[in-house]
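We use all heavy atoms of the structure for the numbers below, so side chains are in, but hydrogens, waters and symmetry mates are not.
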Amino acid sequence: MSVKLADLMKLPSLKEAKVVSGKSGLSKLVSSISVLEYTEVALLEDDLFDNDEFYGSEIVVSAFVNIRDDVEAQCRTIERLHKVGEVALILYYVGIFVPKIDQKLVDFANELDFTIIVMPENEMSLRYSEVIYEVVEAIVKQEMTDTNFVTESLEQISSVRPPQRNIDTTLKILSDRTHVSLVLTDNSFQVINSITWPRTRHWDFERVIEASKHINEHELVQLTLDERDFYTAKRPIFQDGMQAMHLFMMKEKGALTIDVAMQISEVVQVFMNLWGKNYVEISTTELMKAILNDESVKMRRLGKILNVDVSSIKWMWLVKPEAVRDNELVLKELKSYVSSHFNVSLIDLFEDNIVVLLDNSVAQRDRTHTAQAFSEMMQEIGIALKITVCQGMEQTSDVQNAYSLVNEYKNAANAIYANKSIYSLQEFDFATKCVEIVGRGELAIAEQMKPLKPLEENAELIETLSVFLLEGESNYNQAADILFLHKNTIKYRIQRINELLQYPATKIPESYNLYLAVAIRRLLGETNNNK
């Protein structure tokens, strides 16, 4: 089995290290260790993290060389590491590259319950290789000692964030533990999911399956294909008492034992029983789930069967009716409405959202207008709803990230843009910044609220300014409609605000500071109301 992080802290190379955040994470299991040093932070975010890989139960070693003076970038990196399932970060050369551990980074990591381990500071003689060698040695020794990995693997899967708790992740965890390549097929031997060990190893799965599909479920067979010798086994996977899939296992450089094959299939079977209901059902619902759950192979397979070009999806709407009872009617109306505007669309309920995935059929400038028109159509029949329009979905990982962002910060966005029915993804990005500022404490809040000080005695003017900037988009007519006032009244109040501020409320960059201040004020009001 894997080793607990607390046990690794007793290794000679880590005895002098300090745990500065996420101390409860010391009980987590560690199955691997890797080095993270990137020359471009943008590439780190876009190319490394926004892909189909899962890095669960891994420790990362880094010195933050390229972001040594950028605390915001350090926090973003920690957030990304946490998101993909990393266990901890071992930080080297503090006092040499990173000047010091910023308290903001520590507080942020504690919020995520993410463990940061700092090696002895101001010490240039430290070497990554010492920790890497001892950690790998400890993991290998433990795996050789305890060969039963079913319970540990299921525990690891159950602790994974729900969006990542899928069969792809399950197969990756098992492959990492056993060094076995795995393929899951349906009953007609069409590949549903696959993972190779090592990841860069290429297999002609069609030939492997053809050569081994007649193997008895209790057999292990040695095969040779393309001058490659390997052991293979096949096990049935059941759902609702009936065989639904076949699990193929291939191992090079060492025999695949019957015990290992049995344990792998047991973990997959338990996963299917607990989390894989109707996994092979061919429907747009399953395709939607595959996209949002990051099940890459299943997504491509279902897209091909259903003749849906997943790569053409560039936009996402997340539609939230005010009343849950309206979900079915809104879903029905959406399918009819969207089909008349877009060539490719997927619409379904996922968790507690109605998710709409769209292509570029409608001109870009009309995309938000199309969502607004649907919202108004629903209002006419008495249904209130909110729609978040997410653009720039160049790959399915963008869809997954946008979905997670909206769900995590929907309460904050609703508080900041209380009078809006159509949101943009950028407004959710802005909401995350406001939440982060509030999380820093009273000094940070007070600093951001300074621009409103000249107006603090006039709540009416502050409310008018809030609506004018946040929902009215600096448009007098829009603000007037929201506040049920005449346009001239709004103009008079904004003029009065300008006089008190001694600069125009619409002047950049001053207007951004005002925008941020009224947003944080709204967010604080919502927080206080929930106490």
Side-chain angles (χ1 to χ4, degrees), residues 41-42 44-46 49-50 70 72-73 75-76 79-80 83 163 292 313-320 353-360 362-375 385-440 448 451 465-475 478-479 482 505-524 526:
V41 176
L44 169 67
E45 295 184 351
D46 296 336
F49 291 126
D50 290 341
D70 190 342
E72 292 292 338
C75 289
R76 289 201 309 272
E79 185 176 21
R80 294 296 185 101
K83 183 178 179 181
L292 292 172
I313 292 169
K314 303 299 179 185
W315 291 75
M316 175 171 66
W317 296 354
L318 293 177
V319 182
K320 188 76 172 175
N353 299 285
I354 297 176
V355 182
V356 185
L357 302 178
L358 305 165
D359 66 359
N360 270 332
V362 175
Q364 184 170 340
R365 61 185 178 84
D366 294 328
R367 210 65 47 77
T368 300
H369 173 76
T370 309
Q372 181 67 51
F374 178 76
S375 176
L385 48 79
K386 293 181 181 292
I387 303 177
T388 303
V389 178
C390 306
Q391 75 281 13
M393 306 289 104
E394 294 302 323
Q395 49 194 0
T396 54
S397 60
D398 294 328
V399 174
Q400 297 144 13
N401 292 335
Y403 181 84
S404 297
L405 177 71
V406 172
N407 274 281
E408 186 171 354
Y409 291 98
K410 58 188 174 185
N411 291 336
N414 287 338
I416 293 168
Y417 302 102
N419 300 297
K420 271 202 168 196
S421 60
I422 308 296
Y423 297 87
S424 69
L425 191 58
Q426 286 76 13
E427 286 166 339
F428 274 83
D429 283 329
F430 175 73
T432 66
K433 179 173 183 178
C434 294
V435 170
E436 186 270 326
I437 290 171
V438 170
R440 289 187 215 161
Q448 297 298 334
L465 179 64
S466 299
V467 171
F468 180 71
L469 293 176
L470 296 173
E471 293 103 351
E473 299 173 357
S474 299
N475 182 290
Q478 283 184 225
I482 293 168
T506 54
K507 180 179 179 294
I508 295 291
E510 289 89 338
S511 64
Y512 176 75
N513 295 329
L514 285 171
Y515 191 97
L516 185 59
V518 294
I520 289 176
R521 182 176 178 273
R522 285 251 184 107
L523 187 58
L524 287 171
E526 180 66 20

Inset, instruction - Quick one: pull up CD in Q391 and OG1 in T368 and give me the separation to the nearest 0.5 Å. - result: 7.0 Å
Inset, instruction - Determine whether Q478 and N419 make a side-chain contact, defined as any pair of heavy atoms from C-beta on separated by less than 4.5 Å. - result: no
Inset, instruction - Taking the side chain as every heavy atom from C-beta outward, state whether L469 and S474 have any atom pair closer than 4.5 Å. - result: yes
Legend entry - Rounded distance (nearest 0.5 Å) linking atom CG of N353 with atom CG of N407: 4.5 Å
Legend entry - Distance (rounded to the nearest 0.5 Å) between F430 CZ and Y512 OH: 5.5 Å
Legend entry - Least distance between heavy atoms, S466 atom then R522 atom: CB-NH2, 3.7 Å
Legend entry - Test item: C434 and I520 side chains (from C-beta on) under 4.5 Å apart, heavy atoms: yes
Inset, instruction - Taking all heavy atoms of L385 and all of F374, pick out the closest pair and write down the distance. - result: CD2-CE2, 4.1 Å
Inset, instruction - Could you check if a side-chain atom of C390 sits within less than 4.5 angstrom of a side-chain atom of W317, using non-hydrogen atoms only? - result: no
Inset, instruction - Please round to the nearest 0.5 Å and tell me the distance separating atom CG of L516 and atom CD1 of I416. - result: 9.0 Å
Inset, instruction - Work out which heavy atom in I387 is nearest to a heavy atom in A371; give both atom names and the distance. - result: CD1-O, 3.6 Å
Legend entry - Side-chain donor or acceptor of D398 paired with backbone N/O of Q395 under 3.5 Å: yes
Inset, instruction - State, yes or no, whether a side-chain contact exists between L524 and R521 at a heavy-atom distance under 4.5 Å. - result: no
Inset, instruction - For Q448 and A517, work out which heavy atoms get closest and say how close. - result: O-CB, 3.4 Å
Inset, instruction - Compare every heavy atom of Y423 with every heavy atom of K386, then report the nearest pair and how far apart it is. - result: NZ-OH, 3.4 Å
Inset, instruction - Classify the side-chain pair Y409/D429 by whether it contains a donor and acceptor separated by less than 3.5 Å. - result: no
Legend entry - Distance (rounded to the nearest 0.5 Å) between I313 CD1 and N360 CG: 11.0 Å
Legend entry - Over all atoms of both residues, closest heavy-atom pair of M316 and L318: SD-CD2, 4.0 Å
Legend entry - Whether Y417 and Y515 hold their rings parallel, tilted or perpendicular, with breakpoints at 30° and 60°: tilted
Legend entry - Pairs where residues 403-417 contributes a residue and the test salt bridge (charged side-chain N to carboxylate O under 4.0 Å, His left out) is met, not counting sequence neighbours: D352-K410
